[in-house]
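Quick note: numbers below take in every heavy atom, side chains included, and nothing from hydrogens, waters or symmetry partners.
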Amino acid sequence: MRPTVRAFAPLLLALAAGCAGGRPVLVASPLVGKPAEVAAPNLSGAEVRVSDARGTVRVVDFWATWCEPCREQLPALDRLSRAYVEQGLRVYAVAMDEDRSLVKAYLEATPVAFEVLWDKGGARHGERLDVQRLPTTLVLDRAGTVRFVHQGYVPRNAELLEEEVKTLLAEPVP
């Protein structure tokens, strides 16, 4: 039996409230130091497992089209992806919108060079990965271990994220 939208209403309300404002935070998340299993369909419907990119540094951003800070961060993630893809960076944006067509339409107007996945309403990952506000960005090392977690976004965070990525890219491949 599939859960209804009503079943996820508390999570969606919490995410909407979390996106509403406030300063971004680099959090001491319980995820830091642990592997993060993220899998969801891409916008064509094919299942993508972030762990399949073992040996690369991965940035996994949870976002939604209705979240203003999320929309502000996507171009920064796109620049980061383009700048470091050859060195082994993979960026994934996991849209938590209810309607995949809204994500597709948004990305037609604002294309990005990285993989976009869809987790309808955050059903797969919202609670399990403690996504309390959007955007929430996980930075994984080459072994797939979460090293940094960011909640929220302001433009100056792009520099911090790039420094973290460069540090992890400089580490040896396991």
Side-chain angles (χ1 to χ4, degrees), residues 15 19 24 26-27 29 31-32 34-67 69-100 102-108 110-153 157-158 160-169 171 173-174:
L15 290 174
C19 181
L26 181 61
V27 296
S29 169
L31 296 174
V32 173
K34 298 178 181 170
E37 285 299 320
V38 177
N42 63 20
L43 297 181
S44 300
E47 189 76 6
V48 174
R49 292 171 21 116
V50 172
S51 61
D52 288 348
R54 187 165 178 81
T56 64
V57 171
R58 287 152 273 177
V59 172
V60 182
D61 183 59
F62 295 92
W63 71 291
T65 60
W66 44 262
C67 169
C70 300
R71 293 192 310 261
E72 289 176 15
Q73 184 175 16
L74 284 181
L77 292 173
D78 190 50
R79 286 189 298 275
L80 188 68
S81 175
R82 292 173 190 271
Y84 295 98
V85 67
E86 296 298 322
Q87 288 93 337
L89 175 67
R90 298 295 175 266
V91 175
Y92 301 87
V94 182
M96 298 181 92
D97 293 76
E98 284 292 324
D99 185 346
R100 180 180 9 203
L102 294 176
V103 179
K104 284 183 171 183
Y106 180 81
L107 292 170
E108 285 175 12
T110 311
V112 294
F114 51 81
E115 187 96 54
V116 177
L117 311 179
W118 181 55
D119 179 6
K120 183 177 182 175
R124 285 188 181 192
H125 301 96
E127 188 174 330
R128 187 176 61 78
L129 293 177
D130 197 33
V131 178
Q132 296 180 16
R133 72 189 276 197
L134 296 178
T136 290
T137 308
L138 309 179
V139 184
L140 287 67
D141 63 20
R142 293 179 187 274
T145 302
V146 176
R147 297 282 289 275
F148 305 99
V149 178
H150 299 262
Q151 292 181 351
Y153 177 77
N157 280 22
L160 174 60
L161 186 59
E162 183 174 8
E163 288 305 313
E164 293 167 351
V165 164
K166 288 179 2 185
T167 296
L168 296 178
L169 287 171
E171 293 179 356
V173 178

Using 0.5 Å steps for rounding, measure from the [atom1] atom of [X] to the [atom2] atom of [Y].
X      : Y      : atom1 : atom2 : result
Glu162 : Lys166 : CD    : NZ    : 5.0 Å
Tyr84  : Leu168 : OH    : CG    : 12.0 Å
Thr136 : His125 : OG1   : NE2   : 13.0 Å
Gln151 : Leu138 : CD    : CG    : 9.5 Å
Asp141 : Arg147 : CG    : CZ    : 5.0 Å
Leu107 : Leu102 : CG    : CG    : 11.0 Å

[X] to [Y] - nearest heavy-atom pair and separation:
X      : Y     : answer
Ala40  : Glu47 : N-OE2, 3.6 Å
Leu129 : Leu31 : O-CD1, 3.3 Å
Pro111 : Asp78 : O-OD2, 4.4 Å
Trp118 : Glu98 : CZ2-O, 3.3 Å
Arg128 : Glu37 : NH2-O, 2.5 Å

Looking at side-chain heavy atoms only, is the closest gap between [X] and [Y] below 4.5 Å?
X      : Y      : value
Leu169 : Arg142 : yes
Arg79  : Arg82  : no
His150 : Val139 : yes
Arg71  : Thr110 : no

Under-4.0 Å salt bridge between Asp119 and Arg124: no

Hey, mind stepping through Tyr106 and Leu74 against side chain to side chain contact (heavy atoms under 4.5 Å, CB included) and telling me if it holds? CA-CA 11 Å; Tyr106 180 81; Leu74 284 181; 3.8 Å; yes

Any chance you could lay out the side chain to side chain contact (heavy atoms under 4.5 Å, CB included) test for Leu160 and Phe148, step after step, and finish with the verdict? CA-CA 11 Å; Leu160 174 60; Phe148 305 99; over 6 Å; no

Go through the steps to decide whether Trp63 and Val116 satisfy the test side chain to side chain contact (heavy atoms under 4.5 Å, CB included), and finish with yes or no. CA-CA 10 Å; Trp63 71 291; Val116 177; 4.2 Å; yes

Enumerate donor-acceptor pairs with a distance under 3.5 Å from any side-chain N or O in residues 88-97 to protein atoms, sequence neighbours excluded.
| residue | atom | partner | partner atom | Å |
| --- | --- | --- | --- | --- |
| Arg90 | NH1 | Val85 | O | 3.2 |
| Asp97 | OD1 | Thr65 | N | 3.0 |
| Asp97 | OD2 | Thr65 | N | 3.3 |
| Asp97 | OD2 | Thr65 | OG1 | 2.5 |

Heavy atoms of other groups near Glu86 CD, more than 12 under 6.0 Å: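 Atom CD in Glu86 is not crowded, with 12 or fewer foreign heavy atoms closer than 6.0 Å.
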
Is there a donor-acceptor pair closer than 3.5 Å between any side-chain N or O of Ser81 and the backbone N or O of Leu77?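 A pair under 3.5 Å: no.
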
Strictly by salt bridge (charged side-chain N to carboxylate O under 4.0 Å, His left out), give each pair with a member in residues 50-62 just once, sequence neighbours left out. Arg49-Asp52

